[in-house]
Student: 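Got a structure here, written out as structure tokens. Questions coming.
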Amino acid sequence: MNSSFASRLLAWFDRHGRHELPWQHPRTAYRVWVSEIMLQQTRVETVIPYFTAFVDRFPDLSALADAPIDEVLHFWSGLGYYARARNLHRAARIVIECHRGQLPQDPAALEALPGIGRSTAAAILAQAYDRPMAILDGNVRRVLARHRAVDGWPGQARVASALWSIAESLVPESRAADYTQAMMDLGALVCTRSRPACSRCPVAGDCRARLQGRVAELPAPRPGRAMPTRTRWAALVRSPAGILLERRAPSGIWGGLYSLPEADEREQLVDRITARWAEAREQGAASARIAHAFSHYRLDLRILEFRLPTVPWGIMEGQSTIWYNPASSNAVGLPAPIARFLRDQGTPHDGTNG
DNA sequence: TAGCCGTGGGT
DNA sequence: TACCCAAGGCT
């Protein structure tokens, strides 16, 4: 008779698991929390440098709560899903005000904080306090869908519910922190999406997908969707002070970050800029483009260049704007494609533009 | 509940 | 190239 699922997994984890991740040393509740938020839909290798810089600047919950949102977004720039940063910052202030500065250990209270759902709450409690709570992230979904041969796309409520039940039935009473880490390590290192290493898997003996020869087809892929292209117009307004950036709306794409002024139509954009500065001179046809693929659509951003002969002063009422100067980095959030574009603008070139 | 929210790597 | 999707949550 085989030993239990958890026993085999933990024995494997002790020898082959990841024990040197930055948030494991020291493994405080705050650091586990920050890491779990950053790791949502984001790979470990991508997160590590962001996590290190973030906890260096915001070493504890008070430091985060005290910081301005623009600086928090600055340290999140390039990581994506910026609502995570806004929610993390909001939650830190809630914890200071309503929980005496301590992250709640009650699952319901933890899950009530913005940005923390069922899986993240369980992960924090398991990792930080060794509480036996089931998690269900992408790794666990893949491991369980294969081990129990669960059909259907895990995004479907019925399939997700079945996977949650399986996950809860397997959590051991002791070593919960190691167990949850082991599940994620198994999914990331052995039970990978493509070409899983079943020969090195500690639970391959009773893996139904493997016994049925269906490892490659589980879990079922998400149904395909159309990918439209969205065209927008943006202004590259130059003055001796730098390039004009506007704070974007707090929600929606790139919410709360600073970017080039935008409009749906070219005419709207020209009106907006020239109404603000009569001396603004348009430099001609669209000089550049920013093409960017999001999850649900492609963005085709067409850039119109304007030039201001003098440093303008005063800011239009109700607008939050800055003059971006590549030499002095501003502590605000910038979308990754915009940051790349601005870097290219700061680099002197011969004008052929790529 | 299904669409939205970023970016980068793998195939 | 064009897709999939990764330590999910919110509305």
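Proteins come first, then strands; the chains are lettered A, B, ... in the order of their sequence lines, and each starts at number 1. The shown structure was predicted, so the numbers you read here are calculated from the model rather than taken from an experiment.
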Student: Nearest to the side chain of A:A188 - C:dA7, B:dT7, B:dG8?
Tutor: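 My answer, after comparing the listed nucleotides, is C:dA7.
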Student: Assign A:L21 to base, sugar-phosphate, or nothing according to its heavy-atom contacts below 4.0 angstrom with the strands shown.
Tutor: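 Contact class for A:L21: base.
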Student: Check whether the side chains of A:R84 and A:N87 place a donor and an acceptor atom closer than 3.5 Å, and report yes or no.
Tutor: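 There is no such pair (donor and acceptor under 3.5 Å, judged by atom type) between the side chains of A:R84 and A:N87.
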Student: Any base atoms under 4.0 Å from A:V44, or only sugar-phosphate, or nothing? Heavy atoms, all strands.
Tutor: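 It contacts base atoms.
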Student: Between A:R142 and C:dA6, is there a contact of a side-chain N or O with OP1 or OP2 at under 4.0 Å?
Tutor: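 For C:dA6, OP1 or OP2 has a side-chain N or O of A:R142 closer than 4.0 Å.
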Student: Report each atom pair, protein N/O against N/O of nucleotides 9-11 of chain B, whose distance is under 3.5 angstrom.
Tutor:
from, atom 1, to, atom 2, distance (Å)
B:dT11, OP1, A:S194, OG, 3.3

Student: Rounded to whole Å, how long is the line connecting atom OH of A:Y82 with atom C1' of B:dC4?
Tutor: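 Spelled out: OH on A:Y82 to C1' on B:dC4 is 15 Å.
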Student: Distance check: side-chain N/O of A:R340 vs OP1/OP2 of B:dG8, anything under 4.0 Å?
Tutor: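 Yes, within the criterion.
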Student: For A:R225, does the CZ atom sit with more than 12 other heavy atoms under 6.0 Å from it, leaving out its own atoms?
Tutor: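 More than 12 within 6.0 Å, yes.
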Student: What's A:G252 touching, base or sugar-phosphate or nothing? Going by heavy atoms closer than 4.0 Å.
Tutor: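 Touches sugar-phosphate only.
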Student: Over how many whole Å does the gap from A:Q40 atom CD to C:dC5 atom P extend?
Tutor: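 Result: 19 Å.
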Student: With sugar-phosphate meaning primed atoms plus P, OP1 and OP2, does A:I37 contact a base, only sugar-phosphate, or nothing at under 4.0 Å between heavy atoms?
Tutor: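 Result for A:I37 = nothing.
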Student: Taking the P atom of each, how far is B:dG9 from C:dG9, in whole Å?
Tutor: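 So the two P atoms sit 24 Å from each other.
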Student: Any base atoms under 4.0 Å from A:Q181, or only sugar-phosphate, or nothing? Heavy atoms, all strands.
Tutor: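 The residue A:Q181 makes base contact.
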Student: Nearest-nucleotide wise, let me know which of A:D185 and A:E111 is further upstream toward the 5' end of DNA chain C.
Tutor: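 The answer here is A:D185.
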Student: Rounded to whole Å, please give me the gap between CD1 in A:I253 and C1' in B:dG6.
Tutor: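 Interatomic distance, CD1 of A:I253 to C1' of B:dG6: 7 Å.
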Student: To the nearest Å, how far apart are A:R84 CZ and B:dT7 P?
Tutor: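 Between P of B:dT7 and CZ of A:R84: 10 Å.
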Student: Do the side-chain N or O atoms of A:H292 get closer than 4.0 angstrom to the phosphate oxygens (OP1, OP2) of B:dG6?
Tutor: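 For B:dG6, neither OP1 nor OP2 has a side-chain N or O of A:H292 closer than 4.0 Å.
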Student: Which part of the nucleic acid, if any, lies within contact of A:A123, taking any heavy atom under 4.0 Å across all strands shown: a base, the sugar-phosphate backbone alone, or nothing?
Tutor: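 Here A:A123 touches no strand at all.
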Student: Can you measure A:H296 atom NE2 to C:dC5 atom P for me and round it to whole angstrom units?
Tutor: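 These atoms are roughly 13 Å apart.
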Student: Please work out if A:S119 contacts a base, only the sugar-phosphate, or nothing of the nucleic acid, heavy-atom cut-off 4.0 Å.
Tutor: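 The answer is sugar-phosphate, as A:S119 gets under 4.0 Å only of primed atoms, P, OP1 or OP2.
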Student: If you check every side-chain atom of A:R141, which of C:dG8, B:dC5, B:dG6 has the closest atom?
Tutor: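 Within the option list, the nearest is C:dG8.
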Student: Taking any heavy-atom pair under 4.0 Å as a contact, classify A:W153: base, sugar-phosphate, or nothing.
Tutor: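 No contact at all - A:W153 keeps every heavy atom at 4.0 Å or more from the nucleic acid.
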Student: Students often get this wrong, so: under 4.0 angstrom with heavy atoms, is A:G187 touching a base, only sugar-phosphate, or nothing?
Tutor: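 The answer is nothing, as A:G187 stays clear of every strand by at least 4.0 Å.
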Student: Is a donor from one side chain sitting under 3.5 angstrom from an acceptor on the other, for A:D264 and A:Q268?
Tutor: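 There is no such pair (donor and acceptor under 3.5 Å, judged by atom type) between the side chains of A:D264 and A:Q268.
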Student: Write down the distance separating the P atoms in B:dG3 and C:dC5, rounded off to the nearest Å.
Tutor: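 B:dG3 and C:dC5 have their P atoms separated by 16 Å.
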Student: Looking only at the aromatic ring of each residue, does the gap between the centers of A:F54 and A:F51 stay below 6.0 angstrom?
Tutor: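 Judged by ring-centre distance (under 6.0 Å), A:F51 and A:F54 do not meet the cut-off.
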Student: Over all strands shown, is A:R86 touching base, sugar-phosphate only, or nothing at heavy-atom distances under 4.0 angstrom?
Tutor: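 A:R86: no heavy atom of the nucleic acid under 4.0 Å.
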Student: Assess whether atom CD of A:Q102 is packed by more than 12 heavy atoms of other residues, nucleotides or ligands within 6.0 Å.
Tutor: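 Result for CD/A:Q102: open.
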Student: From the options B:dG8, C:dA7, C:dC3, select the nucleotide whose nearest atom is closest to the side chain of A:N139.
Tutor: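 The answer is C:dA7, which lies nearest to the side chain.
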Student: Distance alone, cut at 3.5 Å: any donor-acceptor contact between the side chains of A:Y258 and A:S320?
Tutor: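 Note: A:Y258 and A:S320 side chains meet the donor-acceptor criterion.
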Student: Using modelled atom types only, decide if a donor and an acceptor are shared between the side chain of A:H16 and the backbone of A:L189 within a distance under 3.5 Å.
Tutor: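 Between the backbone of A:L189 and the side chain of A:H16 there is no qualifying donor-acceptor contact (under 3.5 Å).
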Student: Decide, yes or no, whether a salt bridge links A:E111 with A:R118 under the criterion of side-chain N to carboxylate O below 4.0 Å.
Tutor: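 Judged by the 4.0 Å cut-off on N to carboxylate O distance, A:E111 and A:R118 do not form a salt bridge.
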Student: Going by atom types alone, do A:T120 and A:Q40 pair a side-chain donor with an acceptor below 3.5 Å?
Tutor: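 Judged by distance alone, the side chains do pair up.
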Student: Would you say a side-chain N or O of A:T120 is under 4.0 Å from OP1 or OP2 of C:dG9?
Tutor: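 Checking C:dG9 against A:T120, a side-chain N or O does come within under 4.0 Å of OP1 or OP2.
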Student: Among B:dT1, C:dC5, C:dA7, which is the nearest nucleotide to the side chain of A:R222?
Tutor: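 The answer is C:dC5, which lies nearest to the side chain.
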